[in-house]
Amino acid sequence: MKKSIIISAIALCFSVVTVNATPVDTHVSYEAVPYFKVNSFCVSIAKGDLETVQKLISRGADVNEKSNGMTPIMYAAKFNRTDILELLIKHGANLKAKCDKNKTALKYAKLHGAADAEAILVKALDDAKKAKKRK
């Protein structure tokens with residue numbers, strides 16, 4: 001009987017304490033800051049916006065400038081943007097450039113299952129090798 005009275009008294013104390021508790025204002029404001037900064041040229045490539053890519057190239061965008069550690073040709077290969085890939089190759093994109101993770105555009109195409117982009121890159125690399133032998 002003593003145990004039941006003691007347990008009931010303890011339970012009553014806890015219930016009184018929780019009923020009288022006042023909420024604490026815990027409103028916290030967070031500001032989202034993007035961790036990765038990708039330039040508009042590479043974003044356009046990733047989205048497949050050929051028209052914007054053409055405009056940016058005509059306005060002097062560097063087809064070999066890295067954005068978030070990757071060159072534009074790597075974005076085109078990763079997202080299987082074949083028309084943009086051919087355009088970048090035509091404008092002198094470096095096919096053998098490596099990203100910050102030591103991968104080439106061809107490696108990105110293979111990793112992401114971009115078979116069409118992979119075929120274009122293999123052909124372009126072969127053509128470049130043949131042209132080099134002729135010189």
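Connection of Leu111 to Leu85 is not established within any shared hydrophobic cluster, with ILVMFWY side chains joined at heavy-atom distances below 4.5 Å, either directly or through further cluster members.
Side chains of Met70 and Asp100 form no contact here, defined as non-hydrogen atoms less than 4.5 Å apart. Contact annotation: the side chain of Asn68 never approaches that of Lys37 to less than 4.5 Å [non-hydrogen atoms, C-beta and beyond]. Using a 4.5 Å cut-off on side-chain heavy atoms (C-beta onward), Phe79 and Ile45 make no contact.
Between Ala77 and Ala105 the shortest heavy-atom distance is CB-O, 3.3 Å. Minimum heavy-atom separation, Val53 to Phe41: CG1-CE1, 3.7 Å. Shortest non-hydrogen contact noted between Thr82 and Ala117 is CG2-N, 4.0 Å.
Of the inter-residue distances, the one linking Ile89 atom CD1 with Lys123 atom NZ reads 9.0 Å to the nearest 0.5 angstrom. Put simply, CE on Met74 and CG on Leu88 are 11.5 Å apart, with the number rounded to the nearest 0.5 Å. Between atom OG1 of residue Thr71 and atom NZ of residue Lys96 there is a gap of 14.5 Å, rounded to the nearest 0.5 Å. Here CD of Glu118 is found 5.5 Å from NZ of Lys110. Values are rounded to the nearest 0.5 Å. The OG atom of Ser44 sits 5.5 Å away from the CG atom of Leu56 when rounded to the nearest 0.5 Å.
Taking the charged nitrogens against the carboxylate oxygens, Lys55 and Glu51 do have a contact shorter than 4.0 Å, which makes a salt bridge.
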Verify side chain to side chain contact (heavy atoms under 4.5 Å, CB included) between Ile120 and Glu86, making sure each step is shown before the conclusion. CA-CA 8 Å; Ile120 291 169; Glu86 290 171 344; 3.6 Å; yes
Salt bridge (charged side-chain N to carboxylate O under 4.0 Å, His left out) between Asp126 and Lys130: does it pass, once the steps are laid out? CA-CA 6 Å; Asp126 285 344; Lys130 289 175 186 175; over 6 Å; no
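Around the NZ atom of Lys66, the shell of radius 6.0 Å holds more than 12 heavy atoms that belong to other residues, nucleotides or ligands.
For the side chain to side chain contact (heavy atoms under 4.5 Å, CB included) test with His91, the passing option among Ile57, Asp62, Ile73 is Ile57; the others fail. Leu121 pairs in a side chain to side chain contact (heavy atoms under 4.5 Å, CB included) with only one of the listed residues (Thr104, Leu106, Asp116), which is Leu106.
Side-chain N or O atoms of Asn64 include one that pairs as donor or acceptor with a backbone N or O of Asn94 at under 3.5 Å. Using modelled atom types, one side-chain atom of Ser67 and one backbone atom of Asn39 make a donor-acceptor pair closer than 3.5 Å. Put simply, the side chain of Arg81 never gets that close to the backbone of Tyr75: no donor and acceptor are under 3.5 Å apart.
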